[in-house]
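Everything on this sheet refers to the single structure shown next.
Just so we're on the same page: letters track the sequence lines, and every chain starts at 1. When reading the values below, keep in mind they use all heavy atoms of this one structure, side chains included, and skip hydrogens, waters and symmetry mates.
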There are 2 protein chains.
Amino acid sequence: MRKTDTKGKILDAAQDCIQRVGANAMSYQDISEAVGIQKASIHYHFATKERLIEALIDRYSERFFSLVQSIVESELSPETKLRRYGLLFEAMLSEGERGKVCLCGILGAELATLSPVAVDNIRRFFRENEKRLAEVLDEGRRQGVFQFEGDSRSMATLMFSLLEGAMLVVRADEGTQRFSAIMRQMIKLISA
Amino acid sequence: MRKTDTKGKILDAAQDCIQRVGANAMSYQDISEAVGIQKASIHYHFATKERLIEALIDRYSERFFSLVQSIVESELSPETKLRRYGLLFEAMLSEGERGKVCLCGILGAELATLSPVAVDNIRRFFRENEKRLAEVLDEGRRQGVFQFEGDSRSMATLMFSLLEGAMLVVRADEGTQRFSAIMRQMIKLISA
DNA sequence: GAAAATTAACCGATCAGTAGGTAGGTATAT
DNA sequence: ATATACCTACCTACTGATCGGTTAATTTTC
């Protein structure tokens, strides 16, 4: 274990910055100021900006799915699982002082400017989320607490798209409570 | 009327570029090459990049709401109106050769880097869309073809967020048909 | 209606600033 | 003494923006 985890601090600063302004507006200077390190020193830990972003997506995915998994595997009701899942996104909006959105959501908007590896991992993040969501939806349908036509996978894509989109839309007129309202409405729609 | 509408061509090029890669990744060089004009000449038509983006949002909003209005005011069924509305977004994904998303959607992701005027107009774009959507939802509920709990405004925010989010998510794994599937699923959810 | 003045629309050259990245050196710890 | 972790100094490329100047069209004046 390192005493001062500079590598981690760089990732922290980069993530904070990207979630607020996007990857193209994030610069090495921003990171160097936030971490208290020289610009050139970042290159010691991450050869290029592309690599830094790729590493960031990896860490973010890992952490996020760890949280998701603990929700999905819990003994909570399907409805509560969905609500908890939505809270993972909602928490970002109120985190810190400024409005952050999902890292992979904002990177999805800048997809065309990212490396193929990054694009792949973002795509995987999307798909994996849909998969976990589909599990919960299926569980709820089996228990008779959820009701909707079509396959659960389409429904999962719908819900995930909604959450990603809602972060961007809601952030535009500062209001976390609007986000939870949307999530509540969504759950009502599929409740039996 | 000008013979060669350079100002319009600049806006065309800028919009195409932003819808694909975002505002921060769009440069004056990109525009100059696309239009066939010198970089400096762009400044004759738009003093700064911020002004250019502001003008772009204005034109985009005007055009978009013109299309929306013709749908809302038509004699179509509420369900068809929603389907047509969704097609406005879907068309962008398949437009040109590359995947474009809603201009205001992608700018919403980069909101923190835009001018206050631009932010205001993007916010207005969002609200106005929700308003039009709410009208259609109300109409459908009065006619008994739509059914959902809560106020139509929350439902409208949900639908709009879904559409904006779905563009980003679907673009990540190239598939226009997935977008229409989401829209169909959404309409099913509120159909009586 | 011809000459003169003005404006619109653009270009070439250049600016200061910042981007990401590199080279080489230094201090520390094992 | 060798790798780790960082620094200073610098580089090239490109960013949006400004400059003075050019050309063609339009408007004004007589």
Side-chain angles (χ1 to χ4, degrees), chain A residues 1-18 20-57 59 106-107 109-119, chain B residues 1-18 20-57 59 106-107 109-119:
Chain A
M1 185 74 101
R2 299 174 199 83
K3 285 150 282 183
T4 54
D5 182 19
T6 307
K7 196 165 183 170
K9 284 182 184 171
I10 292 172
L11 288 171
D12 290 343
Q15 180 171 336
D16 179 87
C17 199
I18 293 180
R20 286 188 293 103
V21 303
N24 288 318
M26 181 270 290
S27 75
Y28 271 42
Q29 188 136 21
D30 295 329
I31 298 177
S32 92
E33 287 169 11
V35 178
I37 201 182
Q38 287 301 12
K39 224 177 53 169
S41 306
I42 304 170
H43 286 280
Y44 170 76
H45 299 280
F46 302 98
T48 66
K49 192 182 181 182
E50 288 191 346
R51 295 275 166 81
L52 169 57
I53 293 176
E54 289 163 11
L56 195 52
I57 298 171
R59 192 185 73 157
I106 203 164
L107 289 181
E110 303 179 299
L111 207 72
T113 68
L114 301 176
S115 73
V117 174
V119 172
Chain B
M1 184 75 100
R2 298 175 198 83
K3 283 150 282 181
T4 55
D5 182 20
T6 306
K7 196 165 185 171
K9 284 181 184 170
I10 292 172
L11 288 172
D12 290 343
Q15 180 171 336
D16 179 86
C17 199
I18 293 180
R20 287 188 293 107
V21 302
N24 289 318
M26 181 272 288
S27 74
Y28 272 42
Q29 187 134 23
D30 296 330
I31 297 177
S32 93
E33 286 169 11
V35 178
I37 202 182
Q38 285 303 55
K39 233 174 45 168
S41 306
I42 304 171
H43 286 280
Y44 170 76
H45 298 281
F46 303 97
T48 66
K49 194 181 180 183
E50 288 191 346
R51 295 275 166 80
L52 169 57
I53 293 176
E54 290 163 11
L56 196 51
I57 298 171
R59 193 186 71 158
I106 203 163
L107 290 180
E110 303 179 300
L111 207 74
T113 67
L114 301 176
S115 74
V117 175
V119 172

request  = Starting from the C-alpha separation in whole Å, work towards a yes-or-no answer on side-chain contact (heavy atoms from CB on, under 4.5 Å) for B:Leu52 and B:Leu11.
outcome  = CA-CA 8 Å; B:Leu52 169 57; B:Leu11 288 172; 3.7 Å; yes
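- Remark: P of C:dG20 and CG of A:Asp30 are 8 Å apart, rounded to the nearest angstrom.
- Listed pair B:Gln29 / D:dT15 meets the phosphate criterion, a side-chain N or O lying under 4.0 Å from OP1 or OP2.
- If you take CE of A:Met26 and P of C:dA19, they are 11 Å apart, rounded to a whole angstrom.
- Scanning residues 38-50 of chain A for heavy-atom distances under 4.0 Å to DNA chain C yields A:Lys39, A:Ala40, A:His43, A:Thr48, A:Lys49.
- In A:Arg59, the CZ atom is crowded: over 12 heavy atoms of neighbouring residues, nucleotides or ligands sit closer than 6.0 Å.
- The closest side-chain donor-acceptor pair between B:Gln38 and B:Ser32, if any, does not fall under 3.5 angstrom.
- Using a 4.5 Å heavy-atom cutoff, the side chains of B:Arg20 and B:Met26 are not in contact.
- Between A:Thr6 and the phosphate of D:dC6, there is a side-chain N or O to OP1/OP2 separation shorter than 4.0 Å.
- Geometrically, B:Lys7 engages B:Phe46 in a cation-pi contact, judged by NZ or CZ lying under 6.0 Å from the ring centre and within 45° of the ring axis.
- Between the C1' atom of C:dG20 and the CD1 atom of A:Ile53 lies a distance of 12 Å, rounded to the nearest Å.
- Atom CG of A:Leu52 is separated from atom P of C:dA19 by 14 Å (rounded to the nearest Å).
- Residues A:Asp30 and A:Val21 are not in side-chain contact: their nearest non-hydrogen atoms beyond the backbone lie 4.5 Å or more apart.
- Not one side-chain nitrogen or oxygen of A:Tyr28 sits closer than 4.0 Å to the OP1 or OP2 atom of C:dA19.
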